[in-house]
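Step one of this worksheet: look at the structure below.
Predicted, not measured: the structure shown is a model, and the values here were computed from it. Below, each value reflects all heavy atoms present in this structure, side chains not excepted, and no hydrogens, waters or symmetry copies.
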Amino acid sequence: MKIGDIFVVSGNSIISKAIQKTVGSKWTHVALYVGGGYVLEIDWNTKATLVKDPYTFGEFEHVVLRSKKPLTVNQQVNITSNACAFNKTGNRYDWLMLINLFLKTKFPNTKLLKHLNGKNTYVCTELVDEVFRRVGIELFPEKDGVIYPHDFIACDKLQIVDSEFGRICN
């Protein structure tokens, strides 16, 4: 694992099943590897926090993505320091944004839902995207904050480097 690697996970919780059904994708969660065996993540029942990597050797089906353009040492350091800052502030989960994401699947062209984004709160996709933005990498400039887990897999700035069984994908 390298600092900046992104886990895209297929969860099995009741919330994960609802996300799968709503967005039509098996991918339900993202987390960011920040070094030392830790990931930064936020989940429906947690604050933004650093946790011991549960994905590399866990039972979750996942894909690991990495920037096609290698991260500089400065970017790696900034990813880790931003993750530590999010861990320290403990930003809460953004339930309004989750509702917004669900509604966007049903009404993709509406502009009224933009206000459904709580200040200093995040869903997992926003959190990972925000860390990358803070280090100068715009993964989704056209998405306007509405990002689904499967969007990371389709992102042209990222490549698949590993899957749930430890195979290296080229």
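Between the OG1 atom in T80 and the OH atom in Y38 there is a gap of 13.0 Å [rounded to 0.5 Å]. Atom SG in C124 sits 8.5 Å away from atom CD1 in I42 (nearest 0.5 Å). Rounding to the nearest 0.5 Å gives a distance of 5.5 Å between CG of D162 and NE2 of H62. In this structure, the separation between OG on S10 and NE2 on H150 is 13.0 Å, given to the nearest 0.5 Å.
With a 4.5 Å cut-off on side-chain heavy atoms, I79 and L32 count as touching. Side-chain contact between Y33 and L40 is absent, with no heavy atoms from C-beta onward closer than 4.5 Å. Side-chain contact between L65 and V63: present, with at least one pair of heavy atoms (C-beta onward) separated by less than 4.5 Å. A 4.5 Å side-chain heavy-atom check between I153 and W27 finds at least one atom pair inside the cut-off. Residues F7 and V30 are not in side-chain contact: their nearest non-hydrogen atoms beyond the backbone lie 4.5 Å or more apart. Side-chain contact between K157 and K69: absent, with no pair of heavy atoms (C-beta onward) separated by less than 4.5 Å. At least one side-chain heavy atom of Q20 sits under 4.5 Å from a side-chain heavy atom of K26. With contacts defined as side-chain heavy-atom distances shorter than 4.5 Å, the pair L50/V34 qualifies.
Counting all heavy atoms, side chain and backbone alike, L127 lies closest to E41 at CD2-C, 3.9 Å. Residue L71 comes nearest to S67 through the heavy atom pair CD2-CB, 4.1 Å, listed as atom of the first residue, atom of the second, then distance. In plain terms, the two heavy atoms of L158 and K68 that are nearest each other are O-CE, 3.3 Å. In plain terms, the two heavy atoms of P54 and V39 that are nearest each other are CD-CG2, 3.9 Å.
Both V51 and M1 are assigned to one and the same hydrophobic cluster, defined by single-linkage of ILVMFWY side chains at heavy-atom distances under 4.5 Å.
Between Y122 and F86, the gap from one ring centroid to the other is short of 6.0 Å. In this structure, the ring of F140 has its center less than 6.0 angstrom from the ring center of F152.
Side-chain atoms of D129 never come within 3.5 Å of backbone atoms of T125 as a donor-acceptor pair (strictly under, hydrogens ignored). A donor-acceptor pair under 3.5 Å links the side-chain atoms of T72 to the main chain of Q75, judged by distance alone. The backbone N or O of Y148 sits less than 3.5 Å from a side-chain atom of D151, completing a donor-acceptor pair.
At most 12 heavy atoms of other shown residues, nucleotides or ligands fall within 6.0 angstrom of atom NZ in K2.
Aromatic ring pairs are classed by plane angle as parallel below 30°, tilted from 30° to 60° and perpendicular above 60°; the pair Y55 and H29 is tilted.
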